[in-house]
Amino acid sequence: MQILKKEIAIEVYDSEVELCAEDQNLLALAKEAMECAYAPYSRFLVGCVLLLENGILVKGNNQENMAYPSGLCAERVAIFYAGANYPGVAVKTMAIVAKAKDYEITNPIVSCGACLQSLTEYEKQFGKPIRTILQGEGGKIWIAKQGTLAFMPFQFHVEELKR
Ligand code: THU
């Protein structure tokens with residue numbers, strides 16, 4: 001028997017002032033995107049901004065639907081838009097923020113499994129992690145340089161499926 005271990009590392013910052021200007025800007029843009037979320041059912045707003053390697057910024061937010069499962073998370077709205085409009089361009093950094101209309105989100109919110117799975121496909125495509133910045137409505141900020149691996153250490157990936 002052996003034990004398989006993977007180490008994850010997440011940087012924790014107390015506030016935006018500790019971040020570089022680029023990261024501060026990404027968080028500000030993610031908040032802008034969050035305010036445009038369409039979330040009348042959950043009243044939980046998520047904003048996501050991707051900084052592509054060519055400098056282009058792609059924004060996404062959650063889009064809900066009366067038929068609940070038809071809605072889509074902010075991260076997948078953003079990453080699928082990037083994949084559709086900028087194929088072949090890697091994502092360098094992603095910032096995700098969340099707020100609820102009826103209570104306070106004081107901690108960073110980690111993406112759901114379906115979003116992590118979708119994001120990991122793009123990381124694999126380009127052979128590099130998407131550096132991820134997370135924040136709630138304010139407060140502590142998490143930065144994961146390992147990208148989705150930090151939140152989903154064992155991922156579904158079967159290279160052969162591409163053939
Ligand atoms: N949501 C996201 O946008 N991203 C996630 O990673 C998890 C959840 C959205 C989906 C839904 O509109 C609302 O948050 C509540 O689940």
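Because only heavy atoms are used, hydrogens play no part in the values below, and waters and symmetry mates are left out as well, while side chains stay in. As the structure lists them, so they are numbered: ligands from 1, and atoms in each ligand from 1. Keep in mind it's a predicted model, so treat the numbers as computed, not measured.
Numbered from 1 in the order shown, with element, the atoms of ligand 1 that lie under 4.0 Å from a heavy atom of E75 read 2 (C), 3 (O), 4 (N), 5 (C), 6 (O). Residue E64 has at least one heavy-atom neighbour below 4.0 Å for each of these atoms of ligand 1: 11 (C), 12 (O), 13 (C). Residue-ligand proximity, N62 to ligand 1, at heavy-atom distances under 4.0 Å covers atoms 3 (O), 9 (C), 11 (C), 12 (O), 13 (C), 14 (O). Listed by atom number, the atoms of ligand 1 under 4.0 Å from S111 heavy atoms are 6 (O).
With a 4.5 Å cut-off on side-chain heavy atoms, E75 and V46 count as touching. Put simply, the side chain of N65 does not reach to within 4.5 Å of the side chain of L72, judged on heavy atoms. Between V89 and I56 the shortest side-chain heavy-atom distance does not fall below 4.5 Å.
With rounding to the nearest 0.5 Å, the separation of CD in E7 from NZ in K5 is 10.0 Å.
Counting only heavy atoms, the protein gets under 4.0 Å from atom 12 (O) of ligand 1.
Among the atoms of C112, some N or O lies under 3.5 angstrom from an N or O of ligand 1.
In K101, the NZ atom is not crowded: 12 or fewer heavy atoms of neighbouring residues, nucleotides or ligands sit closer than 6.0 Å.
For atom 3 (O) of ligand 1, the nearest protein heavy atom (residue, atom name, distance) is A74 N, 2.9 Å. For atom 1 (N) of ligand 1, the closest non-hydrogen atom on the protein side is C73 SG, 3.5 Å.
Using a 30° and 60° split on the angle between ring planes, Y122 and F80 fall in the tilted class, from 30° to 60°.
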